[in-house]
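The block underneath contains the structure these notes are about, expressed in structure tokens.
This structure is a prediction, so every number in the text was calculated from the model and none was measured. All chains are named by letter (A, B, ...) in the order of the sequence lines, taking the proteins before the strands, and each is independently numbered beginning at 1.
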Amino acid sequence: MNQDLSNFSMRELFLTESETQCRLLSDGLVALEIRPGDPALLESLMRAAHSLKGAARIIGLDGAVRVAHAMEDAFVSAQRGGIVLDSAAIDRLLRGVDLLSRLASVESPDEMKDEVEAFVAGAAAQKNDTAIPAAPTVAEPTAPSGNADDDVRSLRVAAESLDQLLGSAGESLVASRRIRNFSSDFWRLHAHQRKTAALLESAIASASAGEDVSATLRQLQTMIESGDRIVLAGLADFERFERNSSQLSQRLYGQALACRMRPFGAIASSLRRAVRDTARRLEREVTFEIRGEGTDVDRDLLEKIESPLLHLVRNAIDHGIEPPGERIAAGKPASGRISIEASHSAGFLVIRISDDGRGVDSADLRSRIVARGLTDAGTAEKLAGGELLEFLFLPGFSLRSEVTEISGRGVGLDVVQSTVREARGMVRISSDHGQGTSFVLQLPISLSVMKALIFEIAGEPYAVPLARVDRVMSVPAADIESIEGAQYVNFGQSRIGIVDGALVLARQTQNEPREAVDILLLSSGEGRFGIVVSRFLGEGEIVVQPLDRRLGRVRDIAAAALTEDGSSMLLLDVEEFILSVRRLAAGGQLHGITAKSSEAGKAARQILVVDDSLTVRELERKLLSSLGYAVEVAVDGMDAWNAARTGRFAAVVTDVDMPRMDGIELTRLIKNDPRLRDTPVIIVSYKDREEDRLRGLDAGADYYLTKGSFQDEGLARAVADVLGEDPQS
Amino acid sequence: MKTAFFQREPSAADRERWRSEIAAPPPSANGASRLVLFVFRVGGERFGIEPAHVEHTAPLPGIHSMPHRGVSVAGVVNVRGTVTLCFSLADVLGCAACPVANRPMLLVLIHEGWRVACRVDDAEGVSSFSPSALQTTPTTLEAAGRSHVRGIFESGSGSGVGWLDVESLFNAFDAAAR
């Protein structure tokens, strides 16, 4: 391998260039399929292949030279009318594009020699106008980007944005020098005051000596007036400065932010490609439309949502768009429509993906939910449209009985949802049976700035995204009522349980009697709660900063920010915070149950149940509670690890596939911790292949059960076994 | 093919000169080279750390506590516009906290790109020490397995100065953060 540093940077340059050219090629080929033989398109395709060939030759990437050459050749032949680029040919050429982008990014392109040869041979065969040979089997293309992700992150920023930023920064530097004027104003005022004071002193002396001081007094009066003028002039100046400076800061910030923005259209090419490939593979006809390509999106956010969006458009074709025959029979045009639209609305980035396909059949969905044992038929009947569609976001839930190549990519709707939530956004689904489905993603425009409500808990500032606040209120202490020790307030028709925020965060509470308490209403899928805070500080735009990554995941806390006076504050993770509140509330109830069952003479043993599905969690909790165990729940591996490391659990029951930290990692952490090593871990998963089982047991799990085990008491038996108890007792 | 100046291959002679310069031992000062440390106080104890790891010191700002973390994590502070993790050195080093800190300071340390803030009871500044004055740490500390001190410099006046082992200290920070 060549270790030469200068060569390395050339390689980087080539990677950058190949990204641009491959996007041109990919877009052009997809367009060519719609407008076959378009001379302008062929010309630009030819030029892109040619440039890439030249660049590859410079860095001596022989494989890429050959592939690019073969492609260029094909375009030239097509220009001369020698060959017709039909869909099969375009398929092959698109594979060539993939091959090129992989050649540009892999460490040892030499290893791809066979693929290169197969491609070149295929191209030659086509040129000779023989029958198109069977496409060489090419490995699934891996994502070309991200490989060169070293420790030092670099961004490509439009020169214009950077120039603007630099301009404002220069202006700010000049403006800051004006502050010196103010201090000289102050000094001038100070000198003037001293003079006035001295004159006053002499006037007092003269007056006590019985002299006439009226002239001096008049002089004093003028001096005070001129002093006042100095103050007023300085003040006007200062106010002007303040106004300019705050405008400048705002502009500076906006421009710095713009450097982080990319147009939504930057991922248009991979979306078009995904639609084209999927439609072709599944033999559907699809018209694809992208609107709002110029919409600005934070580049980190765009990177984050690209794969969920790709999944959603593939899904729309796989599950939505019917085969042409079926569509015509249903009275629809043979070609299906999929559209994706990005726009800014009310301070959010909204992305809507709609199709005019078959939509979701509620009856079918209900029966699948029941078949999966997620609920019983009676409850399923009662579920309304939105609630019903929510089930589609459960991990491993699919409307397909068979795993197709498209849906088997390892990204499910659950991952779409968790990715969107991680970006502090939300996703909604709506569907009309027979008419189509649409997904709406609502995301913050930038990951770093947001409107927030700021308040104090235990004397320290905290914030929540304003979008997540249902309401704030101040309730007279007398209006707080309680049932069985749980406090609540009446709000409209409903009673809302209230919890002291300091208790949730395990801070010192200040138990001073108050006439009224400030309450923040928060809600999530887990319920609605009132959080008692020390006081509200107001709302404002905050610049979110990540916490030091070495802290790992801190429960209830999403990030940090600075207040206006420059002190630090923490941003609450609303979803998690509500879970913690729920857990506190449930803990109280559980202690009650525990107290009763301990009449039998043994204290109930605590079991931690970990699953990201509310349904499964509740099912397991009920099952184990009914056996007399005290159950606590956690929503994912990270949450569970936070709870488990207190060491108070007799056993842990965990799922495998969970966001943030999966069950395997959790098991490994527990089994590698000297204090927790002996805690039995039972894995309960939908994954029932032998290799999944082995993976779980390798991590140190004591049991590996599949989720069918709820019915046949497998879980009860396993728990009794690891705890060394007779399940019948 | 023309190559831009900065993409040009360095000549063989240049490479050879660089190689020999890098391979040569660092020039040492004549006579006994003294060790320079930044000295600060935590509780009743004094510690020293190489100045290269001290980014700056500042009067102690407000520290926002961090929920669900141990006492070693004092919280987060604003260090020049960046919310930075702040440790209580008294807890990390296991010293008795100072009952009355007359000059509490924030010490911003950096090691391998990781910047952390620490609360200390006083910052004395830079002093130099003779390597011959270095004494080993009391065996009781080592037995406890939590010593982050490479040795102790006894000075004529006042208490000794513990020479902190940066690697070990930052490992302790890392463990305390989780």
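- Put simply, of A/L505, A/V543, A/L551, the one with the most heavy-atom pairs under 4.5 Å next to chain B is A/L551.
- Identified under the salt bridge (charged side-chain N to carboxylate O under 4.0 Å, His left out) test for residues 75-87 of chain B, with sequence neighbours left out: none.
- Contacts between A/A561 and chain B at a heavy-atom distance below 4.5 Å involve the backbone alone (N, CA, C, O).
- Side-chain atoms of A/E541 do not come within 3.5 Å of backbone N or O of A/A452 as any donor-acceptor pair.
- Counting heavy-atom pairs closer than 4.5 Å to chain A, the top-ranked of the candidates B/G113, B/G81, B/A176, B/P61 is B/G81.
- Between B/H56 and B/V79, the shortest heavy-atom contact is CE1-CG1, 3.6 Å.
- With a threshold of 4.5 angstrom between heavy atoms, A/Q545 approaches chain B through side-chain atoms but not through N, CA, C or O.
- Of the two parts of B/T84, neither the backbone nor the side chain holds a non-hydrogen atom closer than 4.5 Å to a non-hydrogen atom of chain A.
- Contacts between B/R115 and chain A at a heavy-atom distance below 4.5 Å involve the backbone alone (N, CA, C, O).
- Between chain A and the options B/D174, B/L85, B/V116, heavy-atom pairs under 4.5 Å are most frequent for B/L85.
- Note: A/F455 and A/Y462 have parallel aromatic rings, judged against thresholds of 30 and 60 degrees for the angle between ring planes.
- In B/E16, the CD atom is crowded: over 12 heavy atoms of neighbouring residues, nucleotides or ligands sit closer than 6.0 Å.
- Top candidate by heavy-atom pairs under 4.5 Å with chain B, chosen from A/V554, A/V504, A/L547, is A/V554.
- Highest contact tally toward chain B, considering only A/S567, A/G552, A/P461, A/A560, is held by A/P461 [criterion: heavy-atom pairs under 4.5 Å].
- Residues forming a side-chain hydrogen bond (donor to acceptor under 3.5 Å, both in side chains) with A/R57 (at least two apart in sequence, or on another chain): none.
- A/I557 touches chain B through its side chain: at least one heavy atom from C-beta onward sits under 4.5 Å away, while N, CA, C and O do not.
- Between the side chain of A/T563 and the main chain of A/S568, no donor-acceptor pair closer than 3.5 Å is present.
- When each of B/V73, B/T82, B/V77 is scored by its heavy-atom pairs under 4.5 Å with chain A, the top score falls to B/T82.
- A parallel orientation is assigned to the rings of B/F153 and B/F129, their planes being inclined by less than 30° (bins at 30° and 60°).
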